[in-house]
There are 2 protein chains.
Amino acid sequence: MGGPLPRDPIADAQRNWERRGWGEVAAPMAAITAVMRTQQILLGRIEEVLRPFGLTFARYELLALLGFARGGELPMSRASALLQVHPTSVTNAVDRLQDAGLVERSPHPTDGRTTLVGITAEGRALVERATAALNSGVFAQSGFTDDDVEQLIRVLHGFRRRAGDFTDDP
Amino acid sequence: MGGPLPRDPIADAQRNWERRGWGEVAAPMAAITAVMRTQQILLGRIEEVLRPFGLTFARYELLALLGFARGGELPMSRASALLQVHPTSVTNAVDRLQDAGLVERSPHPTDGRTTLVGITAEGRALVERATAALNSGVFAQSGFTDDDVEQLIRVLHGFRRRAGDFTDDP
DNA sequence: GAAATATACTAGGACGTCCAATGGTCCGCC
DNA sequence: GGCGGACCATTGGACGTCCTAGTATATTTC
């Protein structure tokens, strides 16, 4: 998509902000823009590793969540809440995973409104292999030092808690 | 999209990773997942602030870039490189901004392959107001402390440089 | 017990992103 | 001078995300 630039475009933007008299918010702007770009880079790497498995990150996340769930199944709404995405995104992902035979829908035994999603044996086998690939291909060579990882987890945990993602303290 | 959870789902995922014997990569996994979620939260806030202006973040970024460019115009390929997005994304954004009368396409004077995008007076006026709204509505209340911002900028700058985004040192 | 409200999922549409392929233009090299 | 490779922008398609609206089922309220 284009080779490296001679200068960091985000640092340039920060200087532009300061030059315009917005020095007060230039640093937060740069930090937020850097989060955006970092997410883009990481997502690109992840999708590249998952492509051979026929998975996208969204589908992988759902599959992995189900793999950890007791009984291997969850209500759609619960998956939406845990993955922090819109319910329609879950419907979309389940549609495609179901077409691939990796998950199955089933009615909730007592609540007629609820649909359960369960991982199939095939789904379980695939997510095992995909996880191994992600662990070795992305997470084990994340490009972050141990200190970086510790700081990111701490800073972003606090941010997400203040943003209302969850309520616990640790 | 759903209220706060009682527990941090990313911390839970990290524990699941450790329990499965992937402790070596559990922390980087959690850090990367936290970056993903943080980006999602921030993008949501930004889009919310920009909606009244009829702008999305992608279009705003292009407009802001042109506002800082000398002469208020850039080749499409240069915009793609600086914004670090695929050329087709720039084509898409320019199409819509042009329909709104905020930018204009013009042929490059000497290179017949390149198309220049220039911001219009109307575009300049709008991006001024949108920037003020973002500064006060998002960047000035980012949810990050000054220390957080300093650490994010440092850590993510290093990451992006190692990922090949740019080559300079600072 | 019936009406009003709340919850769960799905359908359709807008948007941004990327990829693969296309047609036009430039440039170095023979 | 021409020829082939490199570069530029666009088109068409796939995907994920969100929003709005709609249908069906539960729960609450009177």
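In the text below, chain A, chain B and the rest are named by the order of the sequence lines, each starting its count at 1.
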To the nearest Å, give me how far apart [atom1] ([X]) and [atom2] ([N]) are.
| X | N | atom1 | atom2 | result |
| --- | --- | --- | --- | --- |
| A:E47 | D:dC15 | CD | P | 11 Å |
| A:D95 | D:dT17 | CG | C1' | 15 Å |
| B:D111 | D:dA9 | CG | P | 8 Å |
| B:R96 | C:dA14 | CZ | P | 10 Å |
| A:L83 | D:dG16 | CG | C1' | 13 Å |
| B:R37 | D:dC18 | CZ | C1' | 13 Å |
| B:I46 | D:dC18 | CD1 | C1' | 16 Å |
| A:L43 | C:dG16 | CG | C1' | 12 Å |

Between the side chains of [X] and [Y], is a donor N or O closer than 3.5 angstrom to an acceptor N or O?
| X | Y | value |
| --- | --- | --- |
| A:T145 | A:D148 | yes |
| A:N16 | A:W22 | no |
| A:Q40 | A:R37 | yes |
| A:R96 | A:N92 | yes |

Counting side-chain heavy atoms from C-beta on, which of [options] comes nearest to [X]?
| X | options | value |
| --- | --- | --- |
| A:Q40 | C:dC9, C:dT17, D:dT25 | C:dT17 |
| A:A58 | D:dT10, D:dG16, C:dC15 | D:dG16 |
| A:R105 | C:dG16, C:dC9, C:dT25 | C:dC9 |
| A:H86 | D:dC18, C:dC26, C:dG16 | D:dC18 |
| B:R59 | D:dG16, D:dC8, C:dC15 | C:dC15 |
| B:S89 | D:dG16, C:dC18, D:dT10 | C:dC18 |
| B:T115 | D:dC15, D:dA9, C:dT17 | D:dA9 |
| A:V85 | D:dT17, C:dA6, D:dT10 | D:dT17 |

TODO: Could you check which residues of residues 61-77 of chain B get a heavy atom under 4.0 Å from DNA chain C? Sort them by number, please.
DONE: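 Within residues 61-77 of chain B, no residue comes under 4.0 Å of DNA chain C.
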TODO: State which residues pass side-chain contact (heavy atoms from CB on, under 4.5 Å) with A:A13; sequence neighbours excluded, sorted by chain then number.
DONE: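 Per chain and number, A:A13 pairs via side-chain contact (heavy atoms from CB on, under 4.5 Å) with A:M29.
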Task: A:E150 with A:R154: basic N within carboxylate O range, under 4.0 Å - done: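 Looking at A:E150 and A:R154, the cut-off is met.
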- [ ] Indicate yes or no: does B:R161 engage A:D8 in a salt bridge with an N to O separation below 4.0 Å.
- [x] no
TODO: Determine whether any donor atom in the side chain of A:T88 lies under 3.5 Å from an acceptor atom in the base of C:dC9, or the reverse, and answer yes or no.
DONE: no
TODO: Look at the rings of B:F159 and A:F144 and say which category their plane angle falls in: under 30° parallel, 30 to 60° tilted, over 60° perpendicular.
DONE: parallel
Open item on the list: By the 4.0 Å heavy-atom rule, please label B:T91 as base, sugar-phosphate, or nothing.
Closed with: base
TODO: Pick base, sugar-phosphate or nothing for A:T110, based on heavy-atom distances below 4.0 Å to the nucleic acid.
DONE: sugar-phosphate
